[in-house]
2 protein chains.
Amino acid sequence: MTEPAYVSIAGEYARRIRSGGLPAGAQLPSYAEIAGRHDVSDIVVRKAIELLLRQGLVRSIRRRGIFVTDRPNLVRISPERQLEDPEATFGNESGRQVQVDRDTKRVAVTGELAATFGLSAEDDVLYTVTRVSEVGRPVSISDTYQPVDIEDTSSATVLEETVSDQLPRSAHAEWLRTTPGELVKTVRQRFLAPDDKAILISDVSYPRDRYDSFVFRMNLSPE
Amino acid sequence: MTEPAYVSIAGEYARRIRSGGLPAGAQLPSYAEIAGRHDVSDIVVRKAIELLLRQGLVRSIRRRGIFVTDRPNLVRISPERQLEDPEATFGNESGRQVQVDRDTKRVAVTGELAATFGLSAEDDVLYTVTRVSEVGRPVSISDTYQPVDIEDTSSATVLEETVSDQLPRSAHAEWLRTTPGELVKTVRQRFLAPDDKAILISDVSYPRDRYDSFVFRMNLSPE
DNA sequence: AAGTGGTCTAGACCACGTG
DNA sequence: ACGTGGTCTAGACCACTTG
């Protein structure tokens with residue numbers, strides 16, 4: 001049982017990138033050229049490059065080429081309090097200019113959210129859209145929900161974050177300027193009160209090409 | 001500018017799965033059948049299914065079919081102290097039987113590790129391989145490194161975890177029984193002492209089809 | 001004008017599970 | 001024997017960037 005051609009080609013480039021033989025910003029040969037070198041068809045090369053893309057090792061720019069990613073990429077330090085101080089979260093570590101734009105509305109709660117908050121269907125929640133950008137480039141966009149009767153969201157004692165890859169909602173895709181079919185990193189944040197009830201929920205989307213690795217930094221409290 | 005066919009097909013199935021119209025365990029129609037229904041070729045269907053796979057919504061079983069994932073899948077709760085009490089980490093939440101196998105050697109430090117630990121090239125580190133399985137099925141495998149002169153690894157106060165998708169090292173792929181070309185979730189754990197020096201580093205691999213979502217649970221300490 | 005990546009087609013072989 | 005997903009080929013058109 002031997003490994004498929006696209007795996008070995010991807011492995012070869014992955015090794016060269018990680019070892020530094022192919023430095024950040026370097027352009028890979030075109031599909032046709034790699035195909036010729038390895039004596040395979042270009043569709044095999046496409047599958048290989050796709051593996052590299054999924055690992056965040058390279059980025060594709062349409063009609064220009066495939067380029068080795070600048071790494072380490074932006075790093076996301078958790079816990080991150082998007083609603084309270086996104087400026088601090090992003091600004092501190094990068095020292096770069098960050099813009100935050102926020103819209104809040106009062107909306108009726110939908111089925112799934114009602115359950116997590118323990119509300120009935122007629123209740124309202126506060127719905128906030130937060131868009132973060134850095135010198136014009138989109139960094140993240142989030143949908144935040146909280147019950148209207150909660151005054152103090154800082155009473156949360158536990159933050160639970162769930163990371164996954166998803167097809168973005170169209171509003172998110174538009175803001176992040178992702179291409180159709182491109183997956184985004186999604187973090188669902190749940191801020192929990194001491195009684196383990198959720199008091200704030202936020203779905204944050206990040207473009208994959210800026211955050212290919214996520215860092216969580218946690219304090220270890222003695223128990 | 002309209003979205004590609006494979007995106008809309010993937011979106012349609014994603015919606016039906018998330019809404020419950022296609023319950024967990026249900027089998028999707030074959031490539032040929034979906035292709036016929038949407039009047040496209042099967043390669044378009046393959047790209048669509050691949051998007052669903054990457055989102056963890058479906059699983060592919062060779063020569064059987066594509067099946068809707070049981071969700072929520074296993075959930076990884078962080079902070080996780082693999083080396084100290086993996087039984088507790090996994091056992092507590094699932095209530096299932098977990099087996100842990102551990103091998104420790106003393107090895108010479110390599111370049112990259114020497115830098116993170118601040119050691120010179122002749123120094124040794126403790127190298128531990130930890131394999132975790134659950135009723136015969138592999139759950140995770142990790143490579144752990146720590147300097148030999150550190151007695152008490154529980155003095156760490158901060159845990160930093162970096163999550164990424166990677167092609168597994170062959171030892172990891174073998175234990176997790178992944179197919180060639182299949183990416184695994186990798187978590188690099190760095191346990192830091194109060195002076196911010198790393199005192200233990202661990203690279204943990206998880207099969208994607210068991211952990212499609214990662215959960216981090218953090219205590220919010222007032223500052 | 002030439003080259004690029006993105007999308008799509010039609011067809012093929014394989015190894016293996018299912019009837 | 002048939003259907004399945006996995007791999008691979010050869011070819012095509014498009015929209016756009018680069019020289």
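Just so it is clear, the model here is predicted, and its values are computed rather than measured. Side-chain atoms are counted along with the backbone in the values below, which use heavy atoms only and exclude waters and symmetry mates. All chains are named by letter (A, B, ...) in the order of the sequence lines, taking the proteins before the strands, and each is independently numbered beginning at 1.
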Inset, instruction - With heavy atoms under 4.0 Å as the rule, sort A/Ala5 into base, sugar-phosphate or nothing. - result: sugar-phosphate

Legend entry - Euclidean distance, atom CZ of residue B/Arg62 to atom C1' of D/dG5 [Å, nearest integer]: 7 Å

Legend entry - Any A/Arg64 side-chain N or O less than 4.0 Å from OP1/OP2 of D/dT18: yes

Inset, instruction - Check for a donor-acceptor pair, side chain of B/Thr69 on one end and backbone N or O of B/Gly56 on the other, with a separation under 3.5 Å. - result: yes

Inset, instruction - Would you name the heavy atoms of B/Phe117 and B/Tyr145 that are closest together and state the gap between them? - result: CZ-O, 3.4 Å

Using a 3.5 Å cut-off and no angle test, enumerate the donor-acceptor pairs between side-chain atoms of residues 57-67 of chain A and protein atoms at least two apart in sequence or in another chain.
none

Legend entry - Passing option when B/Thr186 is tested against B/Pro168, B/Ser142, B/Ser164 for side chain to side chain contact (heavy atoms under 4.5 Å, CB included): B/Ser164

Legend entry - Of A/Pro4 and B/Glu33, the one whose closest DNA chain D nucleotide lies more 5': B/Glu33

Legend entry - Protein-nucleotide distance (A/Gln27, atom CD; D/dT18, atom P), rounded to Å: 10 Å

Legend entry - Side-chain heavy atoms of B/Asp143 within contact of B/Val129, under 4.5 Å: yes

Legend entry - Within residues 36-43 of chain A: residues closer than 4.0 Å to DNA chain D (heavy atoms): A/Val40, A/Ser41, A/Ile43

Inset, instruction - May I have the distance from A/Ile61 (atom CD1) to D/dT18 (atom C1'), rounded to whole angstrom? - result: 14 Å

Legend entry - B/Tyr206-B/Phe214 aromatic ring centre distance below 6.0 Å: yes

Legend entry - Start and end of the DNA chain C segment that chain B contacts, any atom under 4.0 Å from a heavy atom: C/dT7 to C/dT18

Inset, instruction - Tell me yes or no: between the side chains of B/Gln189 and B/Glu161, is some donor less than 3.5 Å from an acceptor? - result: yes

Legend entry - Test item: side-chain donor near acceptor, A/Thr179 and A/Glu182, under 3.5 Å: yes

